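What you see is a predicted model; the values in this text were computed from it and never measured. Chain A is the first sequence line, chain B the second, and so forth, proteins listed ahead of strands; every chain is numbered from 1.
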There are 2 protein chains.
Amino acid sequence: MREGDQPTVINLFLDGWGRRYKDLPDGRRQVVSFFVPGDLCDLNIFILRQMDHSIGALTPLTIAEIPRSAFEEIIDRHPRITQALWWEALVAAATQREWTMSLGQRNAAERIGHLLCELFLRLRTVGLTNGTSCPFPLTQSVLGEATGLSLVHVNRTLQDYRAAGMIVLKQRELTIPDLRALMEASMFDANYLHLDHEGRHFDANI
Amino acid sequence: MREGDQPTVINLFLDGWGRRYKDLPDGRRQVVSFFVPGDLCDLNIFILRQMDHSIGALTPLTIAEIPRSAFEEIIDRHPRITQALWWEALVAAATQREWTMSLGQRNAAERIGHLLCELFLRLRTVGLTNGTSCPFPLTQSVLGEATGLSLVHVNRTLQDYRAAGMIVLKQRELTIPDLRALMEASMFDANYLHLDHEGRHFDANI
DNA sequence: CGTTCCCTTGATCTTCGTCAAGCGGTGTGG
DNA sequence: CCACACCGCTTGACGAAGATCAAGGGAACG
């Protein structure tokens, strides 16, 4: 899905990862968010006229396409789902603010550590982690596009974390032996994910 | 208003400027958005339990405090206002994505130029510009906190723009003689502000 | 009249980017 | 079945954007 498109359906990620990104005319690209299973995208089709960014797959995907009309009907009849959608939008905005913070103030190691913590926690809330490990399909190049760092520097930073025993990352699987330590190193505070409202979020699915 | 607070009212900026910001434990600060007259803040009080950032004034303010209850009643009765609130939230999110792009990919000159264009256009849509000029109460220090640059580098970058005749900035007033030129220099594309829906936004006030 | 805030400018240092080369695994076509 | 191409990862050398340190100036305000 490309910038400028007029989307007609809402997509629910059932399996696989995706990303939102924006390109500059000269080719620079910034990934502005990731999608993991359970995420919803393109709620804005209700209000905004056209896409101001692009969306792409990072792995093979299984997606549920929900037509706009079906969604509108649900919203009319089910206020708790509407509330869940607000929650979704507000948490996405809070996450975007945190990314702004990362890119503006954190150094390379902090940015990458922070991103790893965020993704791990998001996967854990949807039950996709296995102890201290989780699937991790992002290439170093994509990590660079998300953190505003060069591929080379991402690599060196990951090496440093590996050498310190703080992460194991190979064969598309990430292990964080001591999550608390990584959170501390990258000054990660999970409050922006608003997981305390996870319950309310899931309630809407009843 | 501080991170961790539980807000009880929604604030509408009638006059004056404000900013959202986040602080790191070691004192680094990132401004993540600005408020200008006409902006609303803290819609999240409907859904999220506590603030994940702080909000502060940049000038003396005139603000309307709308109690949560009054807001809920309005939302029940006036679907067009509810739609306007969605618009507000989605545009705020789109703006946050654009800031992510700026901090991740744009260099110092582009970041600052881009921010000046954004603020000028936002002020123009609410009728606060005067030809090619607008009020501009931000200090160079605040500009640095918003763009992730040091105060010193903000200063040098502004000097460059001045020397090129692209901006005049003094006595808290900004003049952009050739907006189109500045937009081009900073690769500014206004699509993320979704001004095409301005009409719908205002309709809600009828 | 002095203090404070904001702006300005110079010199030096650091982080990260760029350029370049090479390695290993995997998939594909001859 | 092998060869080659491609993709992702790794490492070294060098360069540049921007940070930091330092000092001083001007205007507004008490």
Colleague: If the cut-off is 4.0 Å, is N107(A) near the phosphate of dT15(C), judged by side-chain N/O to OP1 or OP2?
Modeller: no
Colleague: If you assign each of R162(A) and R156(A) to its closest nucleotide in DNA chain D, which residue comes earlier from the 5' end?
Modeller: R162(A)
Colleague: Roughly, in whole Å, what's the span from CG in L103(B) to P in dG18(D)?
Modeller: 12 Å
Colleague: Among dT8(C), dT10(D), dG8(D), find the nucleotide with the atom closest to the side chain of L151(A).
Modeller: dT10(D)
Colleague: Can you tell me which nucleotide in dT18(C), dT9(C), dA19(D) comes closest to the side chain of Q159(B)?
Modeller: dT9(C)
Colleague: Has the side chain of T129(B) got a donor or acceptor atom that lies under 3.5 Å from a matching backbone atom of L123(B)?
Modeller: no
Colleague: Checking all strands, does R111(B) fall into the base, sugar-phosphate, or nothing category for heavy-atom contacts under 4.0 angstrom?
Modeller: nothing
Colleague: Quick one: is N155(B) getting a side-chain N or O under 4.0 Å of the dC7(C) phosphate, OP1 or OP2?
Modeller: no
Colleague: So does R28(A) get a side-chain nitrogen or oxygen closer than 4.0 Å to the phosphate oxygens (OP1/OP2) of dG17(C)?
Modeller: no
Colleague: Pick one: which of R20(A), Q96(A), H53(A) meets side chain to side chain donor-acceptor pair (under 3.5 Å) with S33(A)?
Modeller: R20(A)
Colleague: Going by salt bridge (Lys or Arg N to Asp or Glu O under 4.0 Å), name the pairs with one or both residues in residues 159-183 of chain B, residues two or more places apart or in two chains.
Modeller: none
Colleague: May I ask you to evaluate whether Q140(B) reaches the phosphate of dC5(C), defined as a side-chain N or O under 4.0 Å from OP1 or OP2?
Modeller: no
Colleague: Check each residue of residues 141-150 of chain A for a non-hydrogen atom within less than 4.0 Å of any atom in DNA chain C, then write out the ones that pass by number, or none.
Modeller: G148(A), L149(A), S150(A)
Colleague: Anything under 3.5 Å between a protein N or O and an N or O of nucleotides 22-29 of chain D, put it in a table, one pair a line.
Modeller:
none

